[in-house]
Amino acid sequence: MAATSSWQPQEEGFKEICGLLEQQISPTSDKSQIWQQLQHYSQFPDFNNYLAFILARAEGKPIEVRQAAGLLLKNNLRTTFTSMAPPSQQYIKSELLPCLGAADRQIRSTAGTIISVLVQIGGVVGWPELLQTLVKCLDSNELNHMEGAMDALSKICEDIPQVLDSDMPGLTDRPINVFLPRLLQFFQSPHASLRKLSLGSVNQFIMLMPRALYMSMDKYLQGLFILANDPAAEVRKLVCSAFVQLVEVRPDFLEPILRNVIEYMLRVNKDPDDEVALEACEFWSAYCETRLPPENLREFLPHLIPVLLSNMVYSDDDESLVDAEEDGSMPDRDQDLRPRFHSSRFHGSENGEDADDDIVNIWNLRKCSAAALDILSNVYGDEILPTLMPTVQAKLSSTDDAAWKEREAAVLALGAISEGCIKGLYPHLSEIVTFLIPLLDDKFPLIRSISCWTISRFSKFIVQGIGHQEGREQFDKVLMGLLRRILDNNKRVQEAACSAFATLEEEAAEELAPRLEIILQHLMFAFGKYQRRNLRIVYDAIGTLADAVGRELNEPKYLDIMMPPLIAKWQQLSNSDKDLFPLLECFTSIAQALGTGFSKFAQPVFQRCITIIQSQQLAKVDPVSSGVQYDREFVVCSLDLLSGLAEGLGSGVESLVSQSSLGDILLQCCMDDAPDVRQSAFALLGDLARVCPIHLHPRLSEFLEVANKQLSTPKLKENLSVANNACWAIGELATKVRQEISPVAMAVISSLVPILQHAEELSKSLIENSAITLGRLAWVCPEIVSPHMGHFMQSWCIALSMIRDDIEKEDAFRGLCALVNNFPAGALSSLVFMCKAIASWHEIRSEDLHNEVCQVLRGYKDMLRDGSWEHCMSALEPQEKDKLSKYLV
């Protein structure tokens, strides 16, 4: 140690660095200039020694300066520690350890943070003094030392707990075995800071469950019950957090004491401290999602449900109460705009969009309680109604202004149980909806907004009722109520109404057609009225409407209402304005819905998409000359809109493609390093293959090669959606270019076969697309594929039998028939699987394919005269044999 402590700071350097740090923390200083000067100093090899010295020893300097030195040191060490000279490393470590006992808490805490960073970089093996110092401080009985060591240890437990549960050369014990008894001992410390830090540290090991904690579980649980009524709210919160984690990870430990835990959680769910109550409330959802029997919780439901209901009432300091007063005419600030995420185009059976029911994304006791009620209703169903409904009805019937928050919570509760208790609610749904409709016009904005959400949760039922007079009247009242709220002056209500309306649109679909004019008038009025943030939701509502009603939208009277404002906005936004994203998405839905009706708007839209992609491709390599910052979401949205045009216009898109360089641009996008760009590019490749393959011809072999590369990559599992679209695009190309695909046919088959053979590890959609593409290749070049049937027939037939009846399945079976006709012996060993695949058809609509399948089956029946056919039939299920009888075998 003596050699390392020979470093001494120069007075001049010490003063200059302290001076800079003083300026850095001054609110009026020029931060960028100071930053440059600090960067200049950091070139000197002993700069970090100075920072360590200032943190540890600059007694005369303000604490803020010493702390600033420590934080700068921490950031520097992350990038430079491993390349530092060993004497400097040793000096910094030796200066940090005494800081753990410093008189000032901020110095202790900063040292603890730096120590944790050093342990993240190099573990504890090369720093035996650290463990010795920590143990010595914990055992010192001196508050500053105990707190400093505990603070550092808690940060190590939080960032890298596994380091403490590993064998160390030169140590007889794992560090966790040394520390855990001391941590558990601190549960009984008279100092709240030590109780909090020790409990927080032990909680970090619940997920890892090292042997030391497993063996001390009884002692840990006893400790939790000792701390359960701790005067410090932070400690009670950690007790709740421990029980929540235990019920998620190791519910078996709680089973013997479950009753006590449930009673405790029920009590602290009403804790005066909201954060403690929130942590306790997480327990109910966690409990319902584990393997523990529902019986254990059942008897507590009559006590739990009223607690959840009372916690669903807005607290007086809830931020939403302030937001709720926000006037719709006030422009949005940039910080009001939440990040948005565009999901790339996907061809397949499972592109489930995540429905985001939650209106504003701040997690709090109210939302956690509503989520718990939702989950409980899904586990216990109608059992909870006798406890819940009398309270809900009582709250709803109180009409005075003072009780509006209670009314609002009751409406939220109805929405929360709308799925789980639907059986019990069903007979009363008409009354419930009738009751909710007037609340859409309530004087309190938060009642208007929650009523929109709750009504949307009953959309399915509301739409089912359209078949009879009363139901149709109710549907119209809901529709008009939501449209009125879309034009509300309150931003929060606008947002809730648009989201609710989008949900209703998805359920109602073509039922909206007779009401299109009034819907469009309201949506376009909102379009002119809304500020930037909620405009995005109007785009979504217009796009959802187009998806829902499809071709019905293609009427001049509707287009005259809808298109002029959208086109005006389209012309107003620049090619680098992010407000263009939702508009591009909206146009994608409209182009698909209108079909050829979109032709008159198509040319400028098509051209602009090409321009945007080109300018982004330039920005990627040369941001300066392109004048825009690269953002790949522009590329993804533009590719998806081009796909929408191809799908909507069909072969009508050909004239646009022929006059553009889309082929070259698209090939570049197919080779992009970003998966979402490639995903959308291959979707467009497949869409263009369907409608104008001629323009892909010049670069056909390159497209096929790059698409096949997506299927044979070692990173397949990380990019399933890209592989899925590439696979689909190859199949679409095969059916159009036919024999011209033969040079790559075998390369593609050798990528597809391993996918089919590992079906259980991959996505359903990729397996389906692989089976269809293999079938399409077999159909267009059977002579190339048939010699290899033995390698894939069984796994291919299993995949084919999972696909629902449609035109793509027909193509695949044409390939199957072509292979068998070419080489009947190749399928013999998999005949049972082939019969099962044929039996998976509900009905083959195509007459010629039906006849081909008949011929194949009869061919095998005639060929196998030695009892093998009967043997094959005996391996089938009775319903499969029935299905095959359609083909007269």
Side-chain angles (χ1 to χ4, degrees), residues 312 324 357 359 370 385 388-389 392-401 403-419 421-422 424-490 492-509 511-512 514-519 521-523 525-526 537 541 544-545 548:
M312 282 158 65
D357 276 338
I359 297 175
L385 291 175
L388 177 82
M389 287 314 281
V392 167
Q393 283 164 322
K395 284 177 186 258
L396 287 174
S397 56
S398 62
T399 52
D400 60 325
D401 284 1
W404 78 264
K405 290 181 195 160
E406 303 281 336
R407 278 204 305 287
E408 194 279 344
V411 177
L412 171 60
L414 283 175
I417 61 167
S418 60
E419 272 177 26
C421 299
I422 192 67
L425 293 176
Y426 198 81
H428 313 287
L429 277 181
S430 185
E431 293 161 63
I432 291 172
V433 175
T434 301
F435 183 86
L436 290 169
I437 290 170
L439 295 182
L440 291 171
D441 298 307
D442 196 274
K443 71 187 263 193
F444 292 98
L446 288 171
I447 290 187
R448 299 200 297 275
S449 66
I450 200 64
S451 302
C452 291
W453 178 74
T454 295
I455 283 177
S456 77
R457 300 271 288 179
F458 294 114
S459 290
K460 198 185 220 85
F461 160 80
I462 295 167
V463 172
Q464 278 167 359
I466 291 180
H468 54 87
Q469 177 71 24
E470 283 160 52
R472 192 176 315 111
E473 285 171 12
Q474 190 170 62
F475 173 78
D476 280 325
K477 281 181 185 161
V478 167
L479 181 77
M480 291 313 297
L482 289 176
L483 289 175
R484 273 199 309 282
R485 289 295 58 81
I486 283 175
L487 301 186
D488 202 291
N489 283 328
N490 181 285
R492 179 75 183 270
V493 180
Q494 294 170 357
E495 185 174 3
C498 276
S499 299
F501 186 67
T503 306
L504 184 70
E505 288 177 317
E506 284 170 2
E507 286 296 340
E511 297 292 351
L512 297 170
R515 304 160 175 87
L516 263 174
E517 191 163 356
I518 192 143
I519 293 171
Q521 283 165 347
H522 279 77
L523 288 178
F525 192 84
I537 313 167
T544 308
L545 181 67

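Because only heavy atoms are used, hydrogens play no part in the values below, and waters and symmetry mates are left out as well, while side chains stay in.
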Working to the nearest 0.5 Å, report the span between NE2 of His428 and CZ of Phe435. 15.0 Å
Interatomic distance, CG@Leu523 vs CG@Leu487, rounded to 0.5 Å, equals 8.5 Å
Is the closest side-chain heavy-atom distance between Leu412 and Trp453 below 4.5 Å? yes
According to salt bridge (charged side-chain N to carboxylate O under 4.0 Å, His left out), who are the partners of Glu507, at least two apart in sequence or on a separate chain? Lys460
Output all residues satisfying salt bridge (charged side-chain N to carboxylate O under 4.0 Å, His left out) with Glu406, sequence neighbours left out; order by chain, then residue number. Lys395
Partner residues of Gln521 under the side-chain contact (heavy atoms from CB on, under 4.5 Å) criterion, sequence neighbours left out: Glu517, Ile518, Ile561
Whether the side chain of Arg407 engages the backbone of Ser398 through a donor-acceptor N/O pair (distance < 3.5 Å, no angle test) should be reported. yes
Set of residues satisfying salt bridge (charged side-chain N to carboxylate O under 4.0 Å, His left out) with respect to Asp401, sequence neighbours excluded: Lys443
Distance-minimising heavy-atom pair for Gln494 and Asn489: NE2-C, 4.1 Å
Check whether any side-chain N or O of Thr454 sits under 3.5 Å from a backbone N or O of Val411 as a donor-acceptor pair, and report yes or no. yes
What residues form a side-chain contact (heavy atoms from CB on, under 4.5 Å) with Ala409, not counting sequence neighbours? Met312, Val313
ring-ring contact (aromatic ring centres under 6.0 Å, His included) partners for Phe444, two or more places apart: Trp404
Partner residues of Glu408 under the side-chain hydrogen bond (donor to acceptor under 3.5 Å, both in side chains) criterion, sequence neighbours left out: Arg366
Under the criterion side-chain contact (heavy atoms from CB on, under 4.5 Å), I'd like the reasoning laid out for Leu439 against Ile450: C-alpha separation, chi angles, the key distance, then a yes or no. CA-CA 9 Å; Leu439 295 182; Ile450 200 64; over 6 Å; no
Taking only residues two or more places apart in sequence, or in another chain, which ones meet Arg448 in a salt bridge (charged side-chain N to carboxylate O under 4.0 Å, His left out)? Asp488
Please table the atom pairs, donor to acceptor, closer than 3.5 Å between any side-chain atom in residues 470-483 and protein atoms at least two apart or in another chain.
unit_1: Glu473; atom_1: OE2; unit_2: Gln469; atom_2: NE2; d: 2.6
unit_1: Gln474; atom_1: NE2; unit_2: Ser430; atom_2: O; d: 3.0
unit_1: Gln474; atom_1: NE2; unit_2: Thr434; atom_2: OG1; d: 3.0
unit_1: Asp476; atom_1: OD1; unit_2: Arg515; atom_2: NE; d: 2.5
unit_1: Asp476; atom_1: OD1; unit_2: Arg515; atom_2: NH2; d: 3.3

Looking at CD of Glu419 and CG of Leu425, how far apart are the two atoms once the value is rounded to the nearest 0.5 Å? 12.0 Å
Measuring only between side-chain heavy atoms, which start at C-beta, is Phe501 closer than 4.5 Å to Ile519? yes
Under the rule for ring-ring contact (aromatic ring centres under 6.0 Å, His included), what residues qualify as partners of Tyr426, not counting sequence neighbours? Phe461
Can you tell if the side chain of Leu545 reaches within under 4.5 Å of the side chain of Leu516, non-hydrogen atoms only? yes
Smallest separation among heavy atoms of Val392 and Ala413, with atom names: CG2-CB, 4.2 Å
Where Ala416 and Ala370 come nearest, the two heavy atoms and their spacing: CB-O, 3.7 Å
side-chain contact (heavy atoms from CB on, under 4.5 Å) partners of Ser418, counting only residues at least two apart: Arg457, Phe458
The reported gap from SG in Cys498 to CD in Glu505 (rounded to nearest 0.5 angstrom) is 9.0 Å
Indicate the atoms forming the closest heavy-atom contact of Met389 with Ile417, along with that distance. SD-CD1, 4.4 Å
Could you walk me through whether Ile486 and Phe525 pass side-chain contact (heavy atoms from CB on, under 4.5 Å), step by step? CA-CA 9 Å; Ile486 283 175; Phe525 192 84; over 6 Å; no
Euclidean distance, Ser449 OG relative to Leu440 CG, rounded to 0.5 Å: 10.5 Å
Where Gly424 and Leu385 come nearest, the two heavy atoms and their spacing: CA-CD1, 3.8 Å
Listed once per pair and sorted, the salt bridge (Lys or Arg N to Asp or Glu O under 4.0 Å) pairs that draw on residues 427-437, sequence neighbours left out: none
Does any N or O in the side chain of Ser459 come within less than 3.5 Å of the main-chain N or O of Ser456, such that one atom is a donor and the other an acceptor? yes
Does the pair Leu429 and Ile462 meet the rule for a side-chain contact (heavy atoms from CB on, under 4.5 Å), with working shown? CA-CA 9 Å; Leu429 277 181; Ile462 295 167; over 6 Å; no
